[in-house]
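Computed from a predicted model, the values in this text were never measured in an experiment. Basis for what follows: all heavy atoms, side chains included, without hydrogens, waters or symmetry-related copies. Letters go in sequence order (proteins before strands), and every chain restarts at 1.
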2 protein chains.
Amino acid sequence: MPDPTNPTPDPAAAAPLTLEQAKAQFIHLWGATSASWGINRTMAQMHALLLVSAEALSTEDLMAQLQISRGNASMTVRELLDWGLVYKALKPGERREYFVAEKDMLQVTRCIIRERKRRELDAMKRSLDQLAALPGDPTEPGYREFHRVLGDIQQLADSADTVLTGVMKAEKTWLIDKLLRMFT
Amino acid sequence: MPDPTNPTPDPAAAAPLTLEQAKAQFIHLWGATSASWGINRTMAQMHALLLVSAEALSTEDLMAQLQISRGNASMTVRELLDWGLVYKALKPGERREYFVAEKDMLQVTRCIIRERKRRELDAMKRSLDQLAALPGDPTEPGYREFHRVLGDIQQLADSADTVLTGVMKAEKTWLIDKLLRMFT
DNA sequence: CACAAGTTTCAATAATTATTGAAACTTGTG
DNA sequence: CACAAGTTTCAATAATTATTGAAACTTGTG
């Protein structure tokens, strides 16, 4: 029976969580967020798991904790290595490879910006440039309008490029300082 | 037979495109880009089509030009209306609804930031706050570490929030000026 | 208020994307 | 160089997400 002097509106919130439960929730949250980001769930969950793991984990550990197949674990961990979000940590005398996450969040942000910029923004800019350079007939009605839209988008892409490149190179204190000063 | 005095390394690039062909390429490009952005292809293509259309288009036009079903066209155009990227344009004396795109790219950017921030960043911040507030046992080994990671992510999310909110509210000239001055 | 013109909904289906798991491969060691 | 321990690849399959299209609904008009 609930104690009226100590009301518990949400019973689930009342029971203290073990650290393991809290970590599991974090992994779930990170995986769910990734869905709307074009990053696949397993990759996000593995990243989250490594972020909150004190020690380095092996492929076996990853398979067991995320309940995924060996193949999936292998490919996903390699992808995280490619992004620079995870490092190999070889234990002396052991054949097996272990993995640790980059835990500096500014560094994590940089890795993500770098990869996504390369894959998406840079690719888009190339296509836009190519499209804008195609020969067309300037006397056709609507030609100017179409090229104005194209130009506007290119300008926008350039601005985004400049800003993202800046963030990538910036020092932590400098960045936070500048951005917050700017917008608050 | 190619004229050697006027070499054409890429034959495809040599033939002047009609405006219609160029538009089709733009629609294709925009749709492809959206794939890595968590926005569905039809929505991006429809947006592109309306962006480069001089006149307002009806649902019938959208169906015909994008080769999609009535249901798909109806749902997608409604979604674009929800995002604020497209407006209804009623023609006097006509029952049928017509649609035009918002063509100011800064305004378009604002709409997209607003929607994605609401759906993704705000949702994530809520979940993080909730998770950080859950009762746990601070004496458990690793408790501090876990909460440090959580705190770092929250800080990052807050910074992103501040910046995006700033961009959303900013005036065009002010924004471009500030950002470019900052990073170049 | 019956009808026509148009729009929306949603269960069924198609298309896409992620995952499995077994086979092939790699690498270090006696 | 044979073997063991581990990793990677990739065709088959499962899971997810987008699309269709027919039925239900809405709205303006005689």
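In this structure, CD of A:Gln67 is placed 14 Å from C1' of C:dT19, rounded to the nearest angstrom. One atom, CZ of B:Arg41, and another, P of D:dT20, lie 10 Å apart when rounded to the nearest Å. The interatomic distance linking B:Met43 (CE) with D:dT17 (C1') rounds to 15 Å, in whole Å. Look at CG on B:Leu81: it is 9 Å from P on C:dT8, rounded to the nearest Å. The nearest whole Å value for the distance from the CG atom in B:Leu62 to the P atom in D:dT19 is 14 Å. Between the CD1 atom of A:Ile39 and the C1' atom of D:dT16 there is a distance of 18 Å, rounded to whole Å. If you take CZ of B:Arg78 and P of C:dG6, they are 19 Å apart, rounded to a whole angstrom. Taking atom CD on A:Glu94 and atom C1' on C:dG28, their separation rounds to 14 Å, with Å as the unit.
Under 4.0 angstrom from either OP1 or OP2 of C:dT7 there lies no side-chain N or O belonging to B:Ser74. At the phosphate of D:dT19, OP1 or OP2 sits under 4.0 Å from a side-chain N or O atom of B:Thr42. Dashed line: the shortest gap from a side-chain N or O of B:Asn40 to OP1 or OP2 of C:dT16 is not under 4.0 Å.
Toward the 5′ end of DNA chain D lies the nearest nucleotide of A:Phe99, the other residue of the pair A:Phe99 and B:Ile68 mapping further downstream. Each of B:Thr76 and A:Tyr98 was assigned the nucleotide of DNA chain D with the nearest heavy atom; the assignment lying further toward the 5' end belongs to A:Tyr98.
Heavy-atom minimum distance, A:Trp83 versus A:Arg114: O-NH2, 3.9 Å. The two atoms that bring A:Ala157 and A:Lys125 nearest to each other are CB-CG, 3.8 Å, heavy atoms only.
Closest to the B:Arg96 side chain, of the nucleotides C:dT8, D:dT8, C:dT7, is C:dT7.
Helical stems in DNA chain C, defined as runs of 3 or more consecutive Watson-Crick or G-U wobble pairs with donor-acceptor distances under 3.5 Å: C:1-30 with D:1-30.
For residues 87-135 of chain B, no residue pair satisfies the ring-ring contact (aromatic ring centres under 6.0 Å, His included) rule, not counting sequence neighbours.
Between the CG atom in B:Leu57 and the CE atom in B:Met46 there is a gap of 9.5 Å [rounded to 0.5 Å].
Salt-bridge check for B:Arg118 with B:Glu115: passed, with a basic side-chain N closer than 4.0 Å to an acidic carboxylate O.
Taking hydrophobic clusters as Ile, Leu, Val, Met, Phe, Trp and Tyr residues chained together by side-chain heavy-atom distances below 4.5 Å, B:Val100 does not share a cluster with B:Val77. Connection of A:Val52 to B:Leu134 is established within a shared hydrophobic cluster, with ILVMFWY side chains joined at heavy-atom distances below 4.5 Å, either directly or through further cluster members. When the side chains of ILVMFWY residues are joined at heavy-atom separations under 4.5 Å, either directly or via intervening members, A:Trp37 and B:Leu121 end up in two distinct hydrophobic clusters.
Counted by atom type alone, B:Asp161 and B:Thr165 present one or more donor-acceptor pairs between their side chains at under 3.5 Å.
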Taking N or O atoms only and anything under 3.5 Å, show me the protein contacts with nucleotides 21-27 of chain D, one pair per line.
{"unit_1": "D:dT27", "atom_1": "O2", "unit_2": "B:Arg95", "atom_2": "NH2", "d": "2.7"}

